[in-house]
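As a basis for the values below, the full set of heavy atoms in this structure was taken, side chains included, without hydrogen atoms, waters or symmetry mates. In what follows, chains are A, B, ... by sequence order, proteins preceding strands, each numbered from 1.
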2 protein chains.
Amino acid sequence: MEQDILKKSYQSKLKKPLKSSVKRALIVNYFMNRNRHFSVEELYDEIKKMSLKISYSTVYRTLNLLSSIGLARECVFKDGMTRFEPAHRSRHHDHLVCERCGKIIEFEEPKIEKLQKEVARRHKFTVDWHRMELYGLCAECKKKEKL
Amino acid sequence: MEQDILKKSYQSKLKKPLKSSVKRALIVNYFMNRNRHFSVEELYDEIKKMSLKISYSTVYRTLNLLSSIGLARECVFKDGMTRFEPAHRSRHHDHLVCERCGKIIEFEEPKIEKLQKEVARRHKFTVDWHRMELYGLCAECKKKEKL
DNA sequence: TTGATTTTGAAAATCATTTTCAATTATATA
DNA sequence: TATATAATTGAAAATGATTTTCAAAATCAA
């Protein structure tokens, strides 16, 4: 069961024990089967759509839980809303964000990472993490633009 | 007078005319003489310290005005608070943010910019702007860490 | 000076997120 | 299996940064 991953991961971090719960299972299940970003609202709506009762409190709580044990990554783009993505599916990456349609494209560019490290070294800075987002127009929206 | 820059810049953008105002002059003056980031609270406190009356509404309004005509740049780092920086002092740059003391270091790295453009091209994406922040520990905080 | 328009600040509204708290549920153990 | 203990839940309230409202004050053009 998917919650087991969570339990182990969580309890190994020396917090209070986790009791199993239907609601949390629901959220974790959605989360584990997602391989891209989603907003809290998106997840909430999805569960509601299955005509299942859930509250935002629980959604936020569970997502923060996943985040705190490193299973989820949080991204906050320009719109200021928190999105989550599964950390188990992909390595660190950066984002291209379309300002027209909101599409989010992930990319990795090791050469940039290397240069970032260089910059940090130059400033005697130790980098824990970074975020990099390129905002603009995606191919599809550019096409529409031209019509 | 510094407000003139604002007036010209603003009115040339075809909006309603600007009347001169002491409060706005105060804020614009602070802004123009700043060459680094500041939070809204920082500016507000600074003006209050001079025992001058001002309200947050006015501060926000004026800063947003400066932003809308391109004189100010807005940055939102991990803490979620909006900071402003004068756009007239420096070119585009990215940031190193110390997670311990909050220090913000600016840097430019043309090689990274070039690689970003390459990434965008690869995805047929047109980039309008980007943000890149490296979070970690600055040299001073690392030193303290070791004691 | 008047009349029209902009600016201001206090208070209320927003909006995503977090917290509170009482009721419900899971679990360990008697 | 019953009971005690602790975790989970959701509704509603709280939060906190920012924006909006609205009536009063200030500015400007004629």
| query | Is there a path from A:Leu43 to A:Leu26 through hydrophobic residues (I, L, V, M, F, W, Y) whose side chains come within less than 4.5 Å of each other? | reply | yes
| task | Could you list the residues that satisfy side chain to side chain donor-acceptor pair (under 3.5 Å) with B:Lys143, not counting sequence neighbours? | result | none
| field | N or O in side chain of B:Thr82 less than 4.0 angstrom from D:dA17 OP1/OP2 | value | no
| field | Selection residues 117-126 of chain A - residue pairs positive for salt bridge (charged side-chain N to carboxylate O under 4.0 Å, His left out), sequence neighbours left out | value | A:Arg122-B:Glu109
| request: Measure the distance from CE on A:Met81 to P on C:dT18 and round it to the nearest whole Å. | output: 13 Å
| task | Only counting residues at least two apart or in another chain, list the ones meeting side chain to side chain donor-acceptor pair (under 3.5 Å) with B:Glu133. | result | A:Arg131, B:Tyr135
| task | Would you indicate, yes or no, if D:dT18 has its OP1 or OP2 atom less than 4.0 angstrom from a side-chain nitrogen or oxygen of B:Asn64? | result | no
| Do A:Phe107 and A:His93 have their ring centres less than 6.0 Å from each other? | no
When you compare the protein's N or O atoms with those of nucleotides 28-30 of chain C, which come within less than 3.5 Å of each other, and at what distance?
none

| request: Kindly say whether the aromatic ring centers of A:Tyr44 and A:Tyr56 come within a distance under 6.0 Å. | output: yes
| Can a side chain N or O of A:Tyr60 be found less than 4.0 Å away from OP1 or OP2 on C:dT18? | no
| Whole angstrom value for the distance that separates P of C:dA16 from CG of A:Leu43 | 16 Å
| task | Using side chain to side chain donor-acceptor pair (under 3.5 Å) as the criterion, list what pairs up with A:Glu106, not counting sequence neighbours. | result | none
| Close aromatic pair by centroid cut-off 6.0 Å: B:His37 and B:Phe84 | no
| query | Base, backbone or nothing for each nucleotide of nucleotides 4-12 of chain D, written B, S, -, heavy atoms under 4.0 angstrom, 5' to 3'? | reply | --BSSBBBB
